[in-house]
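Contents: one structure, followed by commentary.
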Amino acid sequence: MEDKDILDLYNSRSEDAIQQTADKYGNYCMHIAFNILSDREDSEECVSDAYLRVWEAIPPAQPKSF
């Protein structure tokens, strides 16, 4: 799914937005978090927190790119 389509899901408050974000960026986010934290559970929690913050930010934020 394209980033624009994912942003549209967030703007329409579809919970599928989080799943689509995880499908597209989950491995990348986990890789970064694990490199910093060196703990799988902490990394999963960090990534989940990031998804929540995106959910809370869009809308009202209207980013041009994801």
Side-chain angles (χ1 to χ4, degrees):
M1 180 173 273
E2 296 296 320
D3 288 353
K4 180 191 175 304
D5 299 324
I6 296 172
L7 289 171
D8 289 343
L9 290 173
Y10 279 104
N11 283 314
S12 67
R13 304 309 291 163
S14 170
E15 292 182 14
D16 191 41
I18 297 170
Q19 184 59 53
Q20 293 299 326
T21 303
D23 290 348
K24 186 165 184 178
Y25 294 105
N27 289 338
Y28 179 68
C29 292
M30 276 297 295
H31 179 77
I32 291 170
F34 189 80
N35 281 344
I36 295 168
L37 302 170
S38 300
D39 183 89
R40 182 172 171 77
E41 288 181 16
D42 288 345
S43 298
E44 289 172 351
E45 184 174 342
C46 181
V47 172
S48 292
D49 287 348
Y51 294 152
L52 176 61
R53 289 184 185 261
V54 171
W55 177 259
E56 292 172 342
I58 305 172
Q62 296 295 318
K64 294 193 188 309
S65 65
F66 200 56

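Heavy-atom basis, side chains included; hydrogens, waters and symmetry copies ignored. Not measured: the values here are computed from a predicted model.
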Quiz prompt | Working for salt bridge (Lys or Arg N to Asp or Glu O under 4.0 Å), residues R53 and D49 | solution = CA-CA 6 Å; R53 289 184 185 261; D49 287 348; over 6 Å; no
Exercise. Give a yes or no on this: more than 12 heavy atoms of other residues, nucleotides or ligands lie within 6.0 Å of atom CD of E56.
Key: yes
Quiz item: Under a 4.5 Å cut-off applied to non-hydrogen side-chain atoms, are L9 and Q20 in contact?
Solution: yes
Quiz item: Of the non-hydrogen atoms in S43 and D39, which two are nearest, and what is the gap between them?
Solution: OG-O, 2.7 Å
If you look only at distance, which donor and acceptor atoms sit under 3.5 Å apart when one is on a side chain in residues 25-37 and the other is two or more places apart or in another chain?
residue	atom	partner	partner atom	Å
Y25	OH	D3	OD1	2.7
Y25	OH	D3	OD2	2.9
H31	NE2	N35	ND2	3.2
N35	ND2	H31	O	3.4

Exercise. Just jot down the side-chain contact (heavy atoms from CB on, under 4.5 Å) partners of S48, sequence neighbours excluded, or say none.
Key: none
Quiz item: At what distance, to the nearest 0.5 angstrom, does CD1 of I6 lie from CG of N11?
Solution: 12.5 Å
Quiz item: Once you round to the nearest 0.5 Å, how far does CG of L7 lie from CD of E2?
Solution: 11.0 Å
Quiz prompt | Residues which pass side-chain contact (heavy atoms from CB on, under 4.5 Å) with I18, listed by chain and number, not counting sequence neighbours | solution = Y10, Y51, W55
